[in-house]
Amino acid sequence: MSQTLLFDLVPQRRVWKVSELTEQISGILEGTFPDVWIEGEVSNFRAVQASGHLYFTLKDARSQIRCVCFRDQARLLKFRPGDGLQITLRGSLGVYEPRGEYQIYVSHIEPVGLGALQLAFEQLKKKLREEGLFEQARKKPLPVLPRCIGVISSPSGAAIRDILRVLKRRFANVHLQLYPVRVQGDGAATDIAAALRHFNRVKFADVLILARGGGSLEDLWAFNEEMVARAIAESLIPVITGVGHETDFTIADFVADVRAPTPSAAAEIVLRSRQEFERHIAEYQRQLVHHTRYLLSQRRHRVRDLEAHRAFRQLELLLRRRSQQIDDVSNSLAIRLRLRLGTSHQRLTRASAQLFSFDLRACATVLRRRIDQQQSQLRAMLDRLVSQKRRRFSAAQVHFAALDLRARVSKLRRACERQSSELQVRMDRLLIAHRRRVETAALQLQERSPFQLLERGYAIAYDTSGRVMRSPDQVELGSDVSVRLSRGRLEATVHNKAKFEQEGS
């Protein structure tokens with residue numbers, strides 16, 4: 001009765017697995033801190049290029065916590081965090097279960113003090129300056145009189161109207177091509193970069209104007225994007241920027257070949273007025289007339305000097321002397337030609353006499369006889385060669401007729417078939433012998449198997465670690481054991497144990 005009234009005062013012990021405890025902690029943290037704002041200093045910043053994720057530690061004077069910003073959130077950041085930067089971030093608290101560390105999953109980051117856009121502006125400006133994109137040496141000169149002007153701007157903004165008004169006033173028949181783009185908001189930077197690549201691909205414009213009216217830093221941010229700056233730097237066509245007012249500066253202004261304070265000023269820079277061209281042409285014409293008169297005066301004095309030279313006064317005398325020398329040479333040449341013609345005539349006469357005295361018929365008869373003799377000799381040699389070849393061919397026919405190729409082939413085929421049959425018989429015998437050996441070995445292995453004893457009613461006991469039990473000393477009371485039977489397994493608990501003396505002891 002007293003035993004039944006006893007209370008079990010020992011508390012029940014629950015053993016947690018590490019993964020289970022970590023999962024419970026993660027659930028508590030995520031449920032308690034689903035959305036938090038934290039301020040601190042960035043340290044140990046690391047950006048993984050392959051995945052695009054950002055890893056860093058946020059710390060203050062007494063504590064620190066790990067943070068991770070995944071690629072989808074990192075692409076929305078306007079600036080690049082770095083070591084030592086004081087920031088305020090928003091995210092959720094969670095546990096990274098493989099290491100058992102709690103960390104912040106960041107969704108938004110703001111710098112403390114300086115605005116995010118201004119910080120991003122300064123970071124990109126420093127990066128591009130270090131790459132040399134602002135160097136004056138890489139700036140391209142503007143054409144004096146462009147055949148076509150490409151304008152990249154909003155078709156409904158005030159900037160394009162100002163540009164058209166200035167160009168019409170300065171040069172009414174100028175050729176202008178507008179590429180309409182968005183100049184603020186999402187996708188504006190992509191449109192501007194695409195427009196710059198389009199003009200460089202078609203190569204139709206001689207100079208480009210990138211223009212927009214005034215606005216705040218957020219409104220002008222499309223012209224501070226890195227893709228726009230690199231598109232301007234890669235452009236083979238000179239680019240003039242006229243973005244905002246005179247006090248507004250963008251990254252595009254620093255990279256462009258020429259920066260104009262306003263869109264109207266950009267139009268004035270790209271094209272001079274007709275009056276300026278006419279004034280320059282008149283000036284060049286005056287300089288050309290003056291220079292031509294000077295050259296004519298110099299040539300006139302030179303001609304007068306040559307006329308007064310002594311060589312020109314003796315020119316007639318020199319011509320007469322040269323004419324007399326020509327007559328003397330002509331006479332000498334005529335005499336020599338007459339002598340050469342006389343000598344050639346004599347040679348021709350002697351050759352004709354020798355030709356008439358030569359008997360062509362006799363020579364032809366002798367040659368004909370020689371040709372007939374050689375033909376007879378060749379014909380006799382050909383007959384002898386043909387007769388020799390015929391005799392050899394006949395002997396070869398007799399030799400091949402004596403060889404019965406079909407009989408030899410049949411004999412070889414029968415020999416191959418006989419050897420194949422013998423080889424097949426030997427293979428069958430070897431396979432039968434090996435099969436008998438394998439069957440005998442399998443039977444012996446089955447008879448000697450320890451599990452064969454289980455069919456006779458024996459059993460094998462294992463402890464909790466899987467070792468075979470041979471003595472009661474291997475287990476304690478209350479331990480679990482496993483018993484292997486012939487057709488199954490039993491799980492049991494040891495309630496009593498006894499040890500038997502070995503036979504013969």
Side-chain angles (χ1 to χ4, degrees), residues 76 78 115-118 120-121 124 142-143 146-274:
L76 301 177
K78 296 296 184 180
L117 293 181
Q118 187 63 34
F121 179 88
L124 182 59
L142 301 181
R147 293 172 298 177
C148 178
I149 301 173
V151 179
I152 302 173
S153 183
S154 173
S156 59
I160 186 62
R161 293 195 296 270
D162 294 340
I163 292 173
L164 291 175
R165 185 177 62 255
V166 173
L167 294 179
K168 185 177 180 180
R169 184 181 70 247
R170 283 180 163 264
F171 222 99
N173 57 349
V174 67
H175 187 190
L176 184 140
Q177 187 175 20
L178 172 65
Y179 192 104
V181 296
R182 291 172 289 179
V183 292
Q184 71 180 57
D186 296 336
T190 304
D191 291 352
I192 296 171
L196 290 166
R197 288 192 293 268
H198 167 76
F199 278 114
N200 280 271
R201 185 173 59 255
V202 299
K203 294 181 175 59
F204 191 72
D206 297 327
V207 65
L208 300 178
I209 297 178
L210 180 59
R212 188 210 186 281
S216 62
L217 181 61
E218 290 79 4
D219 296 336
L220 303 179
W221 188 252
F223 299 89
N224 293 319
E225 293 285 354
E226 184 175 358
M227 68 171 65
V228 174
R230 297 199 178 276
I232 295 174
E234 294 170 0
S235 175
L236 301 178
I237 304 173
V239 178
I240 302 175
T241 55
V243 180
H245 302 297
E246 188 172 359
T247 57
D248 296 327
F249 281 89
T250 63
I251 298 296
D253 294 328
F254 295 109
V255 183
D257 300 294
V258 176
R259 185 255 176 185
T262 60
S264 301
E268 293 175 355
I269 292 174
V270 76
L271 192 63
R272 300 176 182 177
S273 65
R274 180 185 293 272

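Quantities reported herein were computed from a predicted structural model and do not represent experimental measurements.
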Review point. If you take all heavy atoms of Ala229 and Val255, which pair is closest and at what distance?
Key: O-CG1, 3.4 Å
Practice item. Give a yes or no answer on whether the side chain of Asp162 reaches the backbone of Ala159 with a donor-acceptor pair at less than 3.5 Å. Key: no
**Study point:** Ala193 to Met227 - nearest heavy-atom pair and separation
**Key:** CB-O, 4.1 Å
Practice item. Hey, could you give me the CZ/CG distance between Phe223 and Leu210, rounded to the nearest 0.5 Å? Key: 5.0 Å
Study note, to complete from the structure: Heavy-atom nearest pair, Ala205 first then Ile237, reads O-CD1, 3.6 Å
Study note, to complete from the structure: So CD1 of Ile160 and CG of Leu176: to nearest 0.5 Å the spacing works out to 6.0 Å
Study note, to complete from the structure: Heavy-atom closest pair (Ala252 atom, Ile232 atom, distance to 0.1 Å) is CB-CD1, 3.6 Å
Review point. About how many Å separate CZ of Arg182 and OG1 of Thr190, when rounded to the nearest 0.5 Å?
Key: 7.5 Å
Exercise for review: Check whether any side-chain heavy atom of Pro155 sits under 4.5 Å from a side-chain heavy atom of Leu178, and report yes or no.
Suggested key: yes
Study note, to complete from the structure: Between the CZ atom in Arg259 and the CZ atom in Phe249, the distance rounded to the nearest 0.5 Å is 4.0 Å
**Study point:** Worked check of side chain to side chain donor-acceptor pair (under 3.5 Å) between Asn200 and Ser235
**Key:** CA-CA 6 Å; Asn200 280 271; Ser235 175; 3.0 Å; yes
Check your understanding: Among Asp206, Leu208, Asp257, whose side chain to side chain contact (heavy atoms under 4.5 Å, CB included) with Pro238 holds?
Key -> Asp257
Review point. Are the side chain of Ser153 and the backbone of Ala211 linked by a donor-acceptor contact shorter than 3.5 Å?
Key: yes
Study note, to complete from the structure: Distance col, row Thr250:OG1 vs Arg212:CZ, nearest 0.5 angstrom, shows 11.0 Å
Check your understanding: Is the Phe204-His198 ring centre distance short of 6.0 angstrom?
Key -> no
Check your understanding: Tell me, do Leu142 and Val270 make a side-chain contact under 4.5 Å, heavy atoms counted?
Key -> no
Check your understanding: Quick one: SG on Cys148 to NE2 on His175, what's the gap to the nearest 0.5 Å?
Key -> 4.5 Å
Check your understanding: Under a 4.0 Å N-O cut-off, is there an ion pair linking Glu234 with Arg230?
Key -> no
Practice item. Compare every heavy atom of Thr241 with every heavy atom of Ala256, then report the nearest pair and how far apart it is. Key: CB-CG2, 3.4 Å
**Study point:** Closest contact, heavy atoms only, Asp191 versus Tyr179
**Key:** O-CE2, 4.5 Å
